[in-house]
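Keep in mind that what you see is a predicted model, and the values were worked out from it rather than measured.
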Amino acid sequence: MGVKVSNPDSFINEVTEEVRKEKLYGYLRRYGWIAVLCVLLLVGGAAWIEYRNAQERNAAQATGDALLAAFEQNDPAARSAAIAEVEAEGSAVAVTALLTASTQQEAGDIEAAAATLNALATDGDVPEMYRDLAAFKAAMLPVADTEQRMASLEFLSQPGQPFRLLALEQLAYATLETGDTAGAIALLRQVEEDAAVTRGLRERVQTLLVALGEPLPENVTQ
């Protein structure tokens with residue numbers, strides 16, 4: 001009676017599969033700690049990000065609550081002092097400084113407002129947008145030194161400056177204060193004819209031009 005021999009292909013497949021399993025287990029024994037470490041890093045990283053976000057949310061909420069409490073002060077000087085004591089981080093530092101300067105100006109302390117705005121304008125740790133805004137607001141303060149104010153406005157009105165047209169408008173007002181009507185009109189015309197001027201700004205400028213006796217363009221009616 002003959003002996004039945006197994007299919008050689010099946011036998012080879014079984015051996016190959018066992019070899020693969022043995023290699024896999026070997027890889028797991030040798031490099032499995034790397035996979036575990038990657039999982040731990042992913043889980044730990046996600047937990048740290050969530051913790052940091054929670055901390056930032058809590059800090060922002062605390063800053064907001066402190067600002068709201070400061071604005072409950074009826075006296076402008078007390079309100080300004082309360083806002084100045086608010087602890088803030090990140091962009092909230094710039095917002096708090098702008099609010100501090102605004103309340104200082106409201107309280108009549110122009111020098112303190114100018115100092116707050118100038119400090120913010122030169123703070124490299126805050127976004128450039130806030131620095132530019134602080135420089136513009138500082139130039140708008142009614143300081144005694146008109147020449148210094150006009151010099152700041154002239155710098156802010158250069159091409160490429162984010163508040164260029166608004167600075168030109170303020171520079172025109174300052175020029176009028178010096179008695180140079182022709183110079184002010186020339187500045188107002190620059191604003192009026194600029195392609196980037198907003199409707200509201202153009203209307204303000206045209207109203208002032210009419211008050212100065214200047215005609216409006218033919219396509220503009222009052």
Side-chain angles (χ1 to χ4, degrees), residues 59-60 63-64 66-67 70-71 76-77 79-181 183-209:
T63 301
L67 287 174
F71 274 105
R79 185 162 59 250
S80 174
I83 293 176
E85 293 178 357
V86 174
E87 296 183 359
E89 297 179 356
S91 59
V93 172
V95 174
T96 302
L98 290 170
L99 291 173
T100 299
S102 178
T103 54
Q104 287 170 335
Q105 183 179 1
E106 183 184 2
D109 195 348
I110 303 302
E111 292 184 359
T116 300
L117 291 171
N118 288 329
L120 178 59
T122 56
D123 188 349
D125 292 333
V126 301
E128 184 177 4
M129 175 186 68
Y130 292 110
R131 299 199 304 268
D132 292 335
L133 179 58
F136 175 67
K137 292 180 70 68
M140 291 180 61
L141 290 175
V143 295
D145 192 344
T146 304
E147 292 184 0
Q148 180 182 356
R149 178 170 174 246
M150 292 183 67
S152 298
L153 288 170
E154 286 176 358
F155 173 77
L156 294 170
S157 64
Q158 296 301 310
Q161 293 294 324
F163 298 100
R164 175 175 178 271
L165 296 181
L166 292 174
L168 278 173
E169 179 191 21
Q170 295 299 318
L171 185 59
Y173 295 149
T175 303
L176 274 178
E177 293 175 4
T178 66
D180 185 3
T181 303
I185 290 174
L187 291 169
L188 293 172
R189 290 298 187 192
Q190 287 187 52
V191 177
E192 180 191 29
E193 297 168 2
D194 196 287
V197 66
T198 63
R199 179 177 179 180
L201 179 55
R202 180 183 282 115
E203 290 177 351
R204 287 202 309 271
V205 165
Q206 290 175 344
T207 299
L208 182 55
L209 285 170

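Note that CD of Glu192 and CD1 of Ile185 are 11.5 Å apart. Values are rounded to the nearest 0.5 Å. Of the inter-residue distances, the one linking Leu176 atom CG with Leu208 atom CG reads 6.0 Å to the nearest 0.5 angstrom.
Nearest approach of Ala121 to Ala135, heavy atoms of both residues: CB-N, 3.9 Å. Listed here is the closest heavy atom pair of Leu156 and Phe136: CD1-CA, 3.5 Å. The nearest pair of heavy atoms linking Asp123 to Arg131 is O-CD, 2.9 Å. For the pair Ala97 and Leu120, the tightest heavy-atom approach, listed with the atom from each and the gap, is CB-CD2, 3.9 Å.
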- Yes or no on side-chain contact (heavy atoms from CB on, under 4.5 Å) for Leu141 and Gln105, after CA distance, side-chain angles and deciding distance? CA-CA 8 Å; Leu141 290 175; Gln105 183 179 1; 3.4 Å; yes

- Take Met140 and Leu166, measure what side-chain contact (heavy atoms from CB on, under 4.5 Å) needs, and give me the verdict at the end. CA-CA 10 Å; Met140 291 180 61; Leu166 292 174; over 6 Å; no

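Residues in residues 96-119 take part in these salt bridge (charged side-chain N to carboxylate O under 4.0 Å, His left out) pairs, two or more places apart or across chains: Arg79-Glu106. Applying the side chain to side chain donor-acceptor pair (under 3.5 Å) definition to pairs two or more places apart or across chains, those involving residues 156-170 are Arg164-Asp194, Glu169-Tyr173, Glu169-Arg204.
Remark: side-chain polar atoms of Thr103 are paired, donor with acceptor, to backbone N or O of Leu99 under 3.5 angstrom.
In this structure the side chain of Glu154 reaches within 4.5 angstrom of the side chain of Leu171, judged on heavy atoms. Side-chain contact between Leu201 and Thr198 is present, with at least one heavy-atom pair separated by less than 4.5 Å.
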